[in-house]
Amino acid sequence: MSGRATNRGTLRGYAVGAGLFLLAYAIRLLAGAWFQVHYPYLTYFCAVVVTACLAGFWPALAVGVVSALVADLTYAPPVSALAQLPSMPIGGLMFLVAALACASVIAALRSSRDRLELERRRYAGLVVNRHLL
């Protein structure tokens with residue numbers, strides 16, 4: 001794969017992640033205050049998982065970090081929100097660990113699937129060569 005195609009695929013992955021993050025944020029705003037207070041990371045977790053499935057680990061990592069920061073800054077008390085930034089609350093840290101563990105598993109499964117597909121194509125080529133011989 002050429003460098004240009006790789007860069008285009010990487011940018012597309014981050015664009016998918018950004019779109020899913022914005023969708024999760026919009027759902028949070030539409031869900032109401034009770035949902036936002038009691039489940040501050042739920043829609044963001046879904047965005048990380050879907051980004052990992054569609055775009056890979058690194059875009060999912062970016063969505064996870066941005067989601068944790070936005071959730072903590074948005075749903076923490078305004079006076080202490082910036083003071084909490086260096087020492088992220090335990091909920092945000094646990095969200096990040098769980099989301100990235102899930103994204104890692106999904107990325108490993110995607111990688112295995114891609115290697116299996118490559119091997120399948122290689123064996124299909126060997127079968128064609130065998131029939132030609």
Side-chain angles (χ1 to χ4, degrees):
M1 189 180 274
S2 70
R4 185 175 291 175
T6 302
N7 288 340
R8 207 174 295 138
T10 302
L11 289 176
R12 189 176 304 127
Y14 284 105
V16 165
L20 288 168
F21 167 77
L22 291 174
L23 178 64
Y25 186 73
I27 290 171
R28 294 206 51 73
L29 291 177
L30 293 173
W34 182 86
F35 183 80
Q36 293 174 3
V37 171
H38 294 292
Y39 302 104
Y41 303 104
L42 185 61
T43 58
Y44 296 127
F45 186 79
C46 295
V48 172
V49 169
V50 174
T51 300
C53 289
L54 297 177
F57 177 76
W58 295 108
L61 172 68
V63 171
V65 169
V66 170
S67 296
L69 289 173
V70 167
D72 284 341
L73 291 174
T74 304
Y75 304 111
V79 175
S80 63
L82 292 178
Q84 290 179 359
L85 188 58
S87 60
M88 190 179 246
I90 194 73
L93 185 60
M94 292 309 296
F95 159 75
L96 202 52
V97 167
L100 295 183
C102 190
S104 296
V105 168
I106 291 170
L109 290 172
R110 283 183 53 159
S111 176
S112 295
R113 181 202 60 201
D114 294 345
R115 283 185 306 210
L116 184 64
E117 179 64 23
L118 183 66
E119 198 68 19
R120 189 192 64 76
R121 287 182 186 173
R122 188 176 76 99
Y123 283 134
L126 289 174
V127 167
V128 169
N129 288 339
R130 182 175 158 241
H131 286 298
L132 288 176
L133 291 175

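Computed from a predicted structure; not experimentally measured. Each residue takes its place number in the sequence, starting with 1.
Other residues, nucleotides and ligands place no more than 12 heavy atoms under 6.0 Å from the OH atom of Tyr25.
The main-chain N or O of Leu42 is never found under 3.5 Å from a side-chain atom of Arg28 such that the two would form a donor-acceptor pair. The main-chain N or O of Ala24 is found under 3.5 Å from a side-chain atom of Thr43 such that the two form a donor-acceptor pair. Listed for the Tyr41 side chain is no donor-acceptor partner under 3.5 Å among the backbone atoms of Ala68. Between the side chain of Ser111 and the main chain of Ala107, no donor-acceptor pair closer than 3.5 Å is present.
Note that the CG atom of Leu69 and the OH atom of Tyr44 stand 11.0 Å from one another [nearest 0.5 Å]. The distance from the CZ atom of Phe57 to the CG atom of Leu100 is 5.5 Å, given to the nearest 0.5 Å. Atom CG of residue Leu116 and atom CG of residue Leu109 lie 12.0 Å apart, to the nearest 0.5 angstrom. For the atom pair OH (Tyr14) and OG1 (Thr51), the distance works out to 11.0 Å, reported to the nearest 0.5 Å.
No path of Ile, Leu, Val, Met, Phe, Trp and Tyr side chains, each step under 4.5 Å between heavy atoms, connects Val105 with Leu96, placing them in separate hydrophobic clusters.
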>> Applying side-chain contact (heavy atoms from CB on, under 4.5 Å) to Asp114 and Leu118, what does each step give before you reach the verdict?
In response: CA-CA 6 Å; Asp114 294 345; Leu118 183 66; over 6 Å; no
>> Apply salt bridge (charged side-chain N to carboxylate O under 4.0 Å, His left out) to residues Glu117 and Arg121 and explain how you reach the verdict.
In response: CA-CA 6 Å; Glu117 179 64 23; Arg121 287 182 186 173; 3.3 Å; yes
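Nearest heavy-atom pair across Ala99 and Phe45 is CA-CE1, 3.5 Å. Shown here for Val63 and Gly17, the closest heavy-atom pair between the two residues is CG2-O, 3.4 Å.
Taking Val66 as the reference, Phe21, Val70 meet the side-chain contact (heavy atoms from CB on, under 4.5 Å) condition, with sequence neighbours excluded.
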Can you list, pair by pair, the side-chain donor-acceptor contacts under 3.5 Å of residues 122-131, counting residues two or more places apart and other chains?
{"unit_1": "Arg122", "atom_1": "NE", "unit_2": "Glu119", "atom_2": "OE2", "d": "3.4"}
{"unit_1": "Arg122", "atom_1": "NH2", "unit_2": "Glu119", "atom_2": "OE2", "d": "2.8"}
{"unit_1": "Tyr123", "atom_1": "OH", "unit_2": "Glu119", "atom_2": "OE2", "d": "3.4"}
{"unit_1": "Asn129", "atom_1": "ND2", "unit_2": "Gly125", "atom_2": "O", "d": "3.4"}

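Through ILVMFWY side-chain contacts below 4.5 Å, Val97 is grouped with nothing and stands alone.
Two residues are said to be in side-chain contact when any heavy atoms from C-beta on lie closer than 4.5 Å; Trp58 and Thr10 fail this criterion.
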